[in-house]
Amino acid sequence: MSSRAHRSARHGRRSRRGLQIPVIAAGVATVAALGAAWAGTQALRSPGSTAASAAASASASVEAQSRTELAPGTVFVPPADPSSAPATPSASAPAPPAEARGSAGASPSPAGSKPGTAAAAPAAKREPAASAPKTTAKAAFAPGYDSAADGQQALDTALRAAAADGKQVLLDFGANWCGNCKAADKVFGQPATNALLNDSYHLVKIDIGSQNSANFSILRKYSSGGGSYKMPVLIVLSPPGTVRTDTHQSGNPALTADGLGSFLRQWS
C-alpha cells in the first residue's frame, strides 16, 4: 500500500514539472513579442530622427576616414551645405560709358516746337589729355599665407585692379605648413618668375591650412566639389572673374622655375 502511494506521488511530481515547462516557454515568448512591438512603435514614432542620425553618423565616418587618409601636402575641404545655393562665378556686364548714359537719360525735344527756333548747339567735345605711359610697379613678393587676412576683400581688390589694367588674377590657395607651397613660394620670389607675376597677374594668396570656413567657401566657388585638395591650388581668373584654369582639375605644374614660368606664360 505504501509503495503504491509512493509511486503515485512521484508520478504527480513529474506531471507538475511537465506542465511548468510549457508555461515558462509561453511566458518568455510573450515578453519577446511585447519587446518587439514596443521597438516597432518607437521606430514609427520618429522615422525622421532615426534616418537623420544614421545619415549624420555615415557622413561623420566618411569625413573622419578622409581626414586620416590625406596625403602629405593636401587639405580636406568639407562640401558646401546642400541647402544653400552654390555661388557660380560669372562675368558681370560692363557699365555703359558716361556719354551713353547721358544720351539715354536726355528727354526728346517736344514735337510742337516753334519753327525757325534753332536747336541748342552741342557742346564742343573735349579732347582727352595725353596720358603718361603706364608703368608697372614691381611689388616685392611676400611668401607665406596670412591666416588673419580677409580673403574675399583681397580678391575683390584684385578683380577691380584687373578690370582696370586687363591683367589676370592668380589665386594661390595653400598653407604655411605645406612643403609644396614653400617650394612654390621660393620660385615665385625669384627675379625672373616675380617679373612674370608683376607683368601679367594680380596675385592673391589665401590660407586654407587653418580651417577657415570663409576661405573654404572661396575655394569651392572657383574649384567645384570639396574633399581632398593638393596644395598649392592655383586658379587663374580673367578680369571679369571667370575661371581660366584650375590646378585642382588639371594638376599642378612642376614647382620649379621652368614649370611655374611656363604655367604663368601660358595663362598670361
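Position 1 is the first residue of the sequence; numbering continues from there.
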Give the minimum heavy-atom separation between Arg244 and Trp267, together with the two atoms involved.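 What the structure gives for the nearest pair is NH1-O, 2.7 Å.
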Minimum heavy-atom separation for Val75 to Gln211, with atom names?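 Where Val75 meets Gln211 most closely, the heavy atoms are CG2-NE2, 3.9 Å.
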With a 4.5 Å cut-off on side-chain heavy atoms, are [Y] and [X] touching?
X	Y	result
Phe216	Ile206	no
Leu170	Leu264	yes
Phe141	Leu203	yes

Restricting to side-chain contact (heavy atoms from CB on, under 4.5 Å), what partner residues turn up for Ser200, sequence neighbours left out?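 Testing Ser200 for side-chain contact (heavy atoms from CB on, under 4.5 Å), a comparison that skips the adjacent residues, returns Ser268.
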Any residue meeting side-chain contact (heavy atoms from CB on, under 4.5 Å) with Ala158, in chain and number order, not counting sequence neighbours: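 side-chain contact (heavy atoms from CB on, under 4.5 Å) check on Ala158 returns Val169, His202, Val204.
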Nearest 0.5 Å, please: how far is [atom2] in [Y] from [atom1] in [X]?
X	Y	atom1	atom2	result
Ile208	Phe173	CD1	CZ	7.0 Å
Arg220	Ser217	CZ	OG	4.5 Å
Leu219	Ile235	CG	CD1	5.5 Å
Gln152	Leu159	CD	CG	8.5 Å
Gln168	Tyr201	CD	OH	6.5 Å
Leu155	Leu237	CG	CG	6.5 Å

Given Tyr145, which of Asp207, Asn215, Asp172 fulfils the side chain to side chain donor-acceptor pair (under 3.5 Å) condition? Asp172
Quick one, Tyr222 with Val236, criterion side-chain contact (heavy atoms from CB on, under 4.5 Å). Give me CA distance, side-chain angles, the key distance, then yes/no. CA-CA 10 Å; Tyr222 294 102; Val236 176; over 6 Å; no
Quiz: residues 246-260 side-chain donor-acceptor pairs under 3.5 angstrom, not counting sequence neighbours:
residue, atom, partner, partner atom, Å
Asp246, OD1, His248, N, 2.9
Asp246, OD2, Ser223, OG, 2.7
Thr247, OG1, Leu234, N, 2.8
Thr247, OG1, Leu234, O, 3.4
Thr247, OG1, Asn252, OD1, 3.0
Ser250, OG, Asp246, O, 3.1
Asn252, ND2, Pro232, O, 2.8
Thr256, OG1, Gly259, N, 3.1

Selection residues 143-156 - residue pairs positive for salt bridge (Lys or Arg N to Asp or Glu O under 4.0 Å), sequence neighbours left out: none
Distance-only criterion, 3.5 Å: show the donor-acceptor pairs between side-chain atoms of residues 179-190 and protein atoms not counting sequence neighbours.
residue, atom, partner, partner atom, Å
Asp185, OD1, Lys205, NZ, 2.8
Asp185, OD2, Gly144, N, 2.7

Please name all residues satisfying side chain to side chain donor-acceptor pair (under 3.5 Å) with Thr193, sequence neighbours left out, ordered by chain then number. none
